[in-house]
S.K.: 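Just passing along the structure, written as structure tokens.
Residue numbers begin at 1 in each chain, while the letters A, B, ... track the order of the sequences.
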Number of protein chains: 2
Amino acid sequence: MSTLSQNNMKKHRKPLKLESFLPYRLSLLSNTVSSNIAATYQDKFGISMPEWRIMAILAEYPDISADEVCQRTRIEKSVVSRAVARLLARHLLGRTFDESDKRRSSLCLSETGLTVYDEVMPIAESFEKKLIEKLTKEERLSLSILLDKLQNEAEIK
Amino acid sequence: MSTLSQNNMKKHRKPLKLESFLPYRLSLLSNTVSSNIAATYQDKFGISMPEWRIMAILAEYPDISADEVCQRTRIEKSVVSRAVARLLARHLLGRTFDESDKRRSSLCLSETGLTVYDEVMPIAESFEKKLIEKLTKEERLSLSILLDKLQNEAEIK
DNA sequence: GAATATTAGTTGCAGGAACAACTAATGTCA
DNA sequence: TGACATTAGTTGTTCCTGCAACTAATATTC
């Protein structure tokens, strides 16, 4: 493997240091974390990341509509639609159509879905645990506050 | 717009709270930040996110190979290959083939590329600035340290 | 109550990313 | 030297995402 060149950096104008550029670091971190987790879900259970998130949100909030799943997971509605279709086909979810409003239906984990959820959930938790295991209590709190602040700032258009 | 249901959460097993699950929060934040930035680069300059990153790394480290670009930006090599091809076609980059090793070539920003870079760079910086403007000096330092720790942890397989 | 707007959800499609297979050049080692 | 391995980079393919257009149902407004 070739090593990276040393000291061939030229200051011409004012270079943006990509390695320390916050949006890049966030992207890299998220990507590193997610790709590990996604590969595990996929390999062991054949479940994609959005599928897993939908299952997780339905475990927490059963019997909500696809639209509410979108709002809660922030997953785009076409992605939710297709993910829900796959989960229904695999009988991991159930859908109940609303009699009074025929546009609406509510979704929930099936018994099988709950079983799968109960298998995946501890794995998800252990990923998070490992990620923060070196952090002190204070650091974890601080991280959480900082992420919230950044999220708030990022959402202001 | 329909409001989210209140209080229909059932504790059946032990739900994973998606909203506070760190990998999810990182993904959401990164996505929120990146999609804003990417849209700006795309709309104003017709440059994709990987293209911009490649330009930024070449501004910092001129005359490196495509392979070194991969290592430094962590962008997958096929993505780099195609992005570089587009940037070359638009004459934003120059490529010099290595005489002694015909596999290798080194890349650098062209004059035009530098001009574009000089236009985009302040915009990139202002995005970052806005993102962290509400944070104190201490919080910024803390954030940086925490992100490094998480990145290190995430990279251990 | 008819025209229009909005909402829930699906589908078509285009662009991007990941992985593998591939070409071509160079390195290694018997 | 010759077989094999490695490296740089390209291309094919598949999957995923996001936007927009669409259908069907309900709400609104005049």
S.K.: Using only atom types and a distance under 3.5 Å, with no angle test, would you say the side chain of B/Glu139 pairs donor to acceptor with the backbone of B/Thr136?
M.R.: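 The answer is yes, because a donor-acceptor pair under 3.5 Å joins these two groups.
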
S.K.: Could you check how far CG of B/Leu28 sits from P of D/dT17, rounded to whole Å?
M.R.: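 Going from CG in B/Leu28 over to P in D/dT17 covers 14 Å.
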
S.K.: Polar atoms only, N or O, under 3.5 Å: list the protein pairs with nucleotides 24-27 of chain C and their distances.
M.R.:
residue, atom, partner, partner atom, Å
C/dT26, OP1, B/Lys102, N, 2.9

S.K.: For B/Arg90 and B/Thr112, test the side chains for any donor-to-acceptor distance below 3.5 angstrom and give the result as yes or no.
M.R.: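 No, no side-chain donor-acceptor pair sits under 3.5 Å.
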
S.K.: Do you reckon B/Leu141 sits in the same ILVMFWY cluster as B/Ile132, going by side-chain contacts under 4.5 Å, direct or chained?
M.R.: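 No, it is not one cluster - the side chains of B/Leu141 and B/Ile132 are not joined through contacts under 4.5 Å.
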
S.K.: Nearest-Å distance, CD (B/Glu68) to C1' (D/dG9)?
M.R.: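 Rounding to the nearest Å, CD of B/Glu68 and C1' of D/dG9 are 15 Å apart.
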
S.K.: List every contact pair, protein side and nucleotides 13-21 of chain C side both N or O, where the distance is under 3.5 Å.
M.R.:
residue, atom, partner, partner atom, Å
C/dA18, N6, B/Arg82, NH2, 3.4
C/dC19, N4, B/Ser78, OG, 2.8

S.K.: In whole Å, what is the span from the CG atom of A/Asp67 to the P atom of C/dT6?
M.R.: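 The answer, rounded to whole Å, is 16 Å.
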
S.K.: Got a sec, which pairs hit salt bridge (Lys or Arg N to Asp or Glu O under 4.0 Å) with one end in residues 31-53 of chain B, sequence neighbours left out?
M.R.: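 Applying salt bridge (Lys or Arg N to Asp or Glu O under 4.0 Å) to every pair that reaches into residues 31-53 of chain B, excluding sequence neighbours, yields B/Glu51-B/Arg86.
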
S.K.: On DNA chain D, nearest-nucleotide positions of A/Arg74 versus B/Val80: which is more 5'?
M.R.: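 Per heavy-atom nearest nucleotide, the more 5' residue is B/Val80.
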
S.K.: State, yes or no, whether a side-chain contact exists between A/Thr40 and A/Val120 at a heavy-atom distance under 4.5 Å.
M.R.: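 SC-SC contact between A/Thr40 and A/Val120 ruled out.
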
S.K.: Students often mix this up, so state it plainly: with edges at 30° and 60°, are the rings of A/Tyr117 and A/Trp52 parallel, tilted or perpendicular?
M.R.: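 The rings of A/Tyr117 and A/Trp52 lie parallel, inter-plane angle below 30°.
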
S.K.: More than 12 heavy atoms of other residues, nucleotides or ligands under 6.0 Å from CD of B/Glu99: yes or no?
M.R.: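 Not buried by this count: 12 neighbours or fewer within 6.0 Å.
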
S.K.: Examine distances only and state if a side-chain atom of A/Ser30 and a backbone atom of A/Leu26 form a donor-acceptor pair shorter than 3.5 Å.
M.R.: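 Not at all, since once roles are kept as given, no pair shorter than 3.5 Å links the two residues.
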
S.K.: Quick one: A/Asp98 CG to C/dT7 C1', roughly how many Å, whole number?
M.R.: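 Result: 13 Å.
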
S.K.: Measure from CG on B/Leu107 to C1' on D/dT10 and round the result to the nearest Å.
M.R.: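 It works out to 14 Å between those atoms.
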
S.K.: Atom CG of A/Leu87 and atom P of C/dT10: how far apart are they, to the nearest Å?
M.R.: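 Atom-to-atom, A/Leu87 to C/dT10, this comes out as 12 Å.
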
S.K.: Checking A/Arg140 side chain against A/Leu135 main chain: does a donor-acceptor pair fall under 3.5 Å?
M.R.: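 Indeed, once roles are kept as given, a pair shorter than 3.5 Å links the two residues.
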
S.K.: Taking 4.0 Å as the cut-off, does a side-chain nitrogen or oxygen of B/Arg95 come that near to OP1 or OP2 on D/dT10?
M.R.: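 Indeed, a polar side-chain atom of B/Arg95 lies that close.
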
